[in-house]
Amino acid sequence: MNRLLLVDDDVELAEMLRDYLAQEGFAVTLAHDGEAGAQEALSGQYALIVLDVMMPRASGVEVLGRVRAHISTPIIMLTAKGEEEDKVRGLKLGADDYVTKPFGVGELLARVDAA
């Protein structure tokens with residue numbers, strides 16, 4: 001089973017995504033703030049990280065930088081920040097993909113599978 005870390009402060013959305021991804025065969029761990037997400041990500045036990053940008057305690061961009069300095073696990077940014085400059089910044093900082101909210105769950109699953 002593929003282990004996936006989902007870091008998003010929207011608890012309802014995160015739980016819904018966890019349930020959906022679990023039906024697709026993923027073991028999903030949730031973190032609801034940037035600090036908890038960074039600590040969990042740095043454990044190195046995940047095949048993929050899905051990371052929100054706007055979160056308490058550390059932004060997704062900060063977490064991305066910290067994680068990329070230590071591990072090469074694929075990271076998909078999941079965020080409401082959909083301007084081109086936001087996408088370019090995330091990708092240049094090391095994100096492997098960038099999905100903007102609102103999004104279709106099927107699209108996210110396809111991107112997870114591709115990563």
Side-chain angles (χ1 to χ4, degrees):
M1 185 176 285
N2 288 326
R3 294 194 52 138
L4 187 148
L5 174 63
L6 175 60
V7 186
D8 197 312
D9 63 329
D10 183 336
V11 174
E12 187 176 319
L13 173 65
E15 290 175 350
M16 185 268 305
L17 289 175
R18 177 195 59 205
D19 294 345
Y20 183 81
L21 291 164
Q23 290 176 10
E24 298 298 321
F26 292 92
V28 181
T29 299
L30 301 179
H32 299 297
D33 67 68
E35 283 299 323
Q39 289 179 358
E40 201 56 48
L42 290 170
S43 71
Q45 60 184 331
Y46 299 98
L48 177 70
I49 300 164
V50 178
L51 180 61
D52 187 14
V53 171
M54 296 181 291
M55 291 184 296
R57 297 189 61 215
S59 75
V61 173
E62 292 173 65
V63 173
L64 176 62
R66 287 169 52 189
V67 169
R68 269 295 167 253
H70 300 285
I71 61 174
S72 61
T73 303
I75 298 174
I76 298 174
M77 303 302 288
L78 180 65
T79 179
K81 297 186 79 160
E83 296 296 320
E84 181 180 6
E85 65 189 49
D86 297 315
K87 295 175 187 178
V88 169
R89 181 176 182 216
L91 293 167
K92 283 189 172 186
L93 289 172
D96 297 282
D97 202 351
Y98 198 101
V99 178
T100 56
K101 296 175 184 176
F103 60 92
V105 178
E107 176 188 358
L108 179 62
L109 179 60
R111 291 174 184 265
V112 165
D113 286 339

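Keep in mind that this is a model prediction, so the values were computed, not measured. Note: hydrogens, waters and symmetry copies are ignored here, and every other heavy atom, side chains too, is used.
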For Val67 and Ile75, run side-chain contact (heavy atoms from CB on, under 4.5 Å): C-alpha distance rounded to whole Å, both residues' side-chain angles, the deciding distance at 0.1 Å, then the answer. CA-CA 9 Å; Val67 169; Ile75 298 174; 3.9 Å; yes

In sequence, state the C-alpha distance, the side-chain angles, and the governing distance for Asp97 and Leu91, and then conclude on side-chain contact (heavy atoms from CB on, under 4.5 Å). CA-CA 7 Å; Asp97 202 351; Leu91 293 167; 5.6 Å; no

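- Note: the hydrophobic cluster containing Leu42 also contains Met55 (ILVMFWY, side chain heavy atoms under 4.5 Å, direct or indirect links).
- Under the 4.5 Å side-chain criterion, counting only non-hydrogen atoms from C-beta, Leu108 is in contact with Leu17.
- Under a cut-off of 6.0 angstrom, the local environment of CZ in Arg89 is sparse, with at most 12 non-hydrogen atoms contributed by other residues, nucleotides or ligands.
- We find the CZ-OH distance between Arg111 and Tyr98 to be 12.0 Å, quoted to the nearest 0.5 Å.
- Remark: Asp8 engages Lys101 in a salt bridge, criterion side-chain N to carboxylate O under 4.0 Å.
- Atom-to-atom distance recorded for Asp52:CG and Leu6:CG is 8.5 Å, nearest 0.5 angstrom.
- Under the 4.5 Å side-chain contact rule for hydrophobic residues, Met16 and Val112 share a cluster.
- Going from atom CG of Asp9 over to atom NE2 of His32 covers 9.0 Å, rounded to the nearest 0.5 Å.
- To the nearest 0.5 Å, the span separating CG on Leu30 from CD on Glu40 amounts to 10.0 Å.
- Within a 6.0 Å sphere centred on CD of Glu107, heavy atoms belonging to other residues, nucleotides or ligands number more than 12.
- The existence of a salt bridge linking Arg66 and Glu35 is confirmed by a sub-4.0 Å separation between a basic side-chain nitrogen and an acidic carboxylate oxygen.
- Under a 3.5 Å cut-off, the side chain of Arg68 and the backbone N or O of Gly94 do form a donor-acceptor pair.
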Determine, stepwise, if the pair Phe26 / Leu109 fulfils side-chain contact (heavy atoms from CB on, under 4.5 Å). CA-CA 10 Å; Phe26 292 92; Leu109 179 60; 3.9 Å; yes

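- Using a 4.5 Å heavy-atom cutoff, the side chains of Val50 and Val7 are not in contact.
- No chain of hydrophobic side-chain contacts below 4.5 Å, direct or via other Ile, Leu, Val, Met, Phe, Trp or Tyr residues, connects Leu5 to Leu21.
- Within the 4.5 Å cutoff, no side-chain heavy atoms of Leu51 are placed close to those of Ile76.
- For the atom pair CD of Gln39 and CG of Asp33, the computed distance is 8.5 Å after rounding to the nearest 0.5 Å.
- Remark: Ile71 CD1 to Tyr46 OH distance equals 10.5 Å, nearest 0.5 Å.
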